[in-house]
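Here is how names work: the chains are called A, B, and so on, in the same order as the sequence lines, proteins then strands, and each is numbered from 1.
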Amino acid sequence: MPRITLPDGSIKEFASPITARQVAEAIGPRLAQAALGCKIDGELRDLSTLIDRDCSLAIVTEKTRDKQADPDALMLIRHSAAHIMAEAIQRIVPEAQLVYGPPLATGFYYDIKFPDNRPLKEGDFAAVEAEMKKIIAEDRPFTRVDSSAPEGMSRLQGEGSKYKIDNAARAVIPKRAAELLNGLVSGHVAVTESDCPGAKLSFYYTGEPMPGVWNDLCRGPHVPSTGRIGAVKVMSLASSYWHGDENSDRLTRVYGTAFATQAELDAYLNQLDEAKKRDHRVIGKQLRLFHIDEMVGQGLVLWTPNGSIVRKELQNFIGSELKKQGYTEVFTPHIGSLDLYKTSGHFPYYKESQFPPIVERDALDRLADEGCSCAEVMRRVEGVSAHLASGINERTKAQTIAPDRVIPDEQLVSGFMLKPMNCPHHARIFASAPHSYRDMPVRLAEFGTVYRWEQSGELNGMTRVRGFTQDDAHLFCTEEQVPAEIQGCLELVKVIFKVLGMKDYRVRVGMRDPDSGKYTGTKESWDKAEAACLAAAESLGVPFSKEPGEAAFYGPKIDFVVKDVIGREWQLGTVQVDYNMAIRFDLSYIGPDNKPHRPVVIHRAPFGSMERFCGVLIEHFAGAFPTWLAPEQVRVLPISEKTADYARQVEQALRAAGVRVTLDETNERIQAKIKDAADWKVPYMVVVGPRDAEASQVSLRARGHMKDLGTMSLTGFVEAIKDEIATRGANTVVSRFV
RNA sequence: GCCGCCAUAGCUCAGCGGUAGAGCAACGGUUUUGUAAACCGUAGGUCGUGGGUUCGAUUCCCACCGGCGGCUCCA
């Protein structure tokens, strides 16, 4: 006698168990027709699911009540489309073995093992799509068949696909799956009912459950039949590893997408095209904002004059906010001695992600004369002196230097490193003078350029590079000052994001993994710092997630994450509490008790790096920077040469007021000049002809406005745009015309 | 780093076993123009680099460099 609660709160009672489809039919035939699946107690299920107990039920259809595409419906459609694509691919390449094919937010993929002599190529896409469309046209039902775990497993063993056997094993005997896999594949091991009491495996047939009909081990759910998938497209190929392990089998990941209707697919593809136009790499080239040069090196950004203006304005802006918060500015070199990084612990612990050390030529010559192997050279470079080792060992219990790295002084090879972080330099600045509790916190800020050896496949425009400038600072504070300083860091980020109109960001709070003992610092300190991070994130009023285990070993952290135009997430700013650095560098301040105390260090870079931040900002504004940031703020467009003199006067007046202005003296018609200025996304165009010269006025056009704004006196415009720039867009010139 | 794809003028792209073509940009000229592309002309490329196949390679093959999409990694 199931009592079923519907989304509107009404309750329907049935005499006997009933399928979700029958409930939909009982509500109305049109609903039943539109139904793609259902949600039972919030869980997405097949429409054919038999309901034999009290529950809440929502029928899932293409559209939600407000006519938006239903994300649950898209999940069903895409998961089903993944099956259809897999079947289509297996028709074309019968030896292809299926591994894993989940739905995604924008589509789906299927990881497939292709035979080496028959990989899937992009040229196959048309054929795959044609097969998919055939399967859709056949409108075959998706039919679920449940079996007991032993039965299902032996069936898969009969098929002989290790990937499916692995999937099934992970589902029913997760703890022993890895250990038993080989036995299961070879058939020496069977799964018995006692291994996994009550566990089930489900299969989905694309059609009636008969031999010869395509089917796959699958948890489901699916749409009722293949005909319910309105539009599909095979998007791209990529590689992946089985279980994400690079030492494991290499698979081909085939990406596709599916929608309820062709129109929605077209709209999505169109949106992708539009997004590509906003890509910072495209706009960066068009507007000459930056350049990455093959001859200079991969991942090394050249800031061209236009981009440099944007960066400089941002730095000035941050700098002015930092001043308000009591920061002091420092400058440090781009390299530091290996001893510095051995003390901080960066070298050689992170040597894989750093540029290799710089060693004096004489030392290398000497080692060559001695006939040292490369490995021996590295041993001597990475080694530490007994003196340095003992110093660190005495001072910290957290991280010590492995005894085999301590080598005699005469074997040591000293050298330098391009700095991977700014903090060691800043630590030494702190240590260079005595500090009293009265002058804490000490806030050292620097736009510090760091170099990291990112894997070549990871490099990406300005968002992932090998040399970048952090808007870095290190706050050396007392334990009690930590919460207020964290709060201050977040305030800064909030102000900056607000002025730039960036609303689409989220915050991750990285906390301890409760089961790990790798952390340094006392439990009490951690408790306080984590609470401070959470409180600060909460007061910021943005979505944040607690992420246990994501803290660094030296302290909890707060990360800011934004999405780029193609939906990839990039970490921008970070605020990290550090209990370790002060110990390693033996930093101290004198407390009110006239005794030395250990400061806590907060690393913070609210933008992360100027490169990544500007990249994201280019996409955020689609290159149309607000006036205060725009490389070119005003372009003066004389109607003809006859107004050239007045145009020059206008240009001079604006330049004298500190406005970045250019004059278009080309022999073009005004229409062409406007088009050109629009292409360069100049915020304001000043059109001047004889009428304007006569009246000492300007005719104004603002970017994004289809027609001109009207006229304004020259002096009035100069004041208005100065105001817009000075207020960073709070008072705009345009606002004076409405 | 791994897998796949791509590489032609400053930019966007066409072409193809017989030593290259368009549009825009650039430059010169005509026009002197009132709000999103006036007209005419000129110049510009050892077709990413190095090998190989071939009578002949920008085109086919291999390697490298670089880019793109993923994977992995990311203090």
Determine, answering yes or no, if A:Tyr255 is stacked on B:G70 under the 5.5 Å centre rule and the 30° plane rule. no
Which one, B:G1, B:A75, B:C73, comes nearest to the side chain of A:Tyr241? B:G1
Interface residues of residues 672-680 of chain A with RNA chain B (non-hydrogen, below 4.0 angstrom): A:Ala672, A:Ile674, A:Lys675, A:Ala678
Ranking A:Arg669 and A:Arg288 by the position along RNA chain B of their nearest nucleotide, the one closer to 5' is A:Arg288
Distance in angstrom units between A:Glu665 CD and B:G28 C1', rounded: 17 Å
Could you check how far CG of A:Asp664 sits from P of B:A25, rounded to whole Å? 12 Å
Quick check against the 3.5 Å criterion: does A:Asp471 have a side-chain atom that pairs as donor or acceptor with the backbone of A:Gly608? yes
Could you work out which one of B:G70, B:A75, B:G34 sits closest to the side chain of A:Ser353? B:A75
Using a 3.5 Å limit on both distances, find every run of at least three consecutive Watson-Crick or G-U pairs that involves RNA chain B. B:1-6 with B:66-71, B:10-13 with B:21-24, B:26-30 with B:38-42, B:48-52 with B:60-64
Just compare B:G4, B:A75, B:U12 and give me whichever is closest to any side-chain atom of A:Lys285. B:U12
Pairwise C1' distance, B:C16 and B:C60 [rounded to whole Å]: 12 Å
Once you round it to whole Å, what is the distance between C1' of B:A75 and CG of A:Asp472? 12 Å
For A:His474 and A:His603, take the angle between the two ring planes, folded into 0 to 90°, and tell me which bin it lands in: parallel under 30, tilted 30 to 60, perpendicular over 60. perpendicular
I need the single residue from A:Val450, A:Thr449, A:Thr574 that forms a side-chain contact (heavy atoms from CB on, under 4.5 Å) with A:Gln470. Which is it? A:Val450
Looking at the side chain of A:Ser640, which of B:U33, B:C71, B:G69 is the nearest nucleotide? B:U33
Nucleotide B:C73, atom C1' - distance to CD of A:Gln354 in whole Å: 15 Å
What's the closest nucleotide to the side chain of A:Gln298 if the choices are B:G66, B:A75, B:G34? B:G66
Under 4.0 Å from OP1 or OP2 of B:C74: is there any side-chain N or O of A:Gln455 that close? no
Specify the separation, in whole Å, of atom NE2 of A:His346 and atom P of B:C74. 15 Å
Which whole-number value in Å describes the distance from A:Tyr646 OH to B:U33 P? 19 Å
Side-chain N or O of A:Arg281 closer than 4.0 Å to phosphate OP1/OP2 of B:G69: yes
Nucleotide nearest A:Lys642 (side chain, heavy atoms from C-beta), chosen from B:U35, B:A36, B:U32: B:U32
Does the cation-pi check pass for A:Arg78 over A:Phe108, that is, NZ or CZ under 6.0 Å from the six-membered ring centre and within 45° of its axis? no
Is the distance from OP1 or OP2 of B:G69 to the nearest side-chain N or O of A:Asn460 less than 4.0 Å? yes
Taking the nucleotide of RNA chain B with the closest heavy atom to each, which residue, A:Ser236 or A:Arg466, is nearer the 5' end? A:Arg466
Taking any heavy-atom pair under 4.0 Å as a contact, classify A:Gly244: base, sugar-phosphate, or nothing. sugar-phosphate
What integer number of Å spans the C1' atoms of B:G29 and B:A43? 14 Å
Counting only side-chain heavy atoms from C-beta out, which of B:U32, B:C3, B:G1 sits nearest to A:Arg250? B:C3
With rounding to the closest Å, how many angstrom separate the C1' atoms on B:G48 and B:U58? 12 Å
Write down the distance between CG (A:Leu104) and C1' (B:G70), rounded to a whole number of angstrom. 12 Å
Nearest whole Å is fine: how far is B:A36 P from A:Asp708 CG? 9 Å
Measuring only the C1' atom in each nucleotide, how far is B:G23 from B:G66? A whole number of Å is fine. 26 Å
Taking OP1 and OP2 of B:A36, is either one under 4.0 Å from a side-chain nitrogen or oxygen of A:Gln671? no
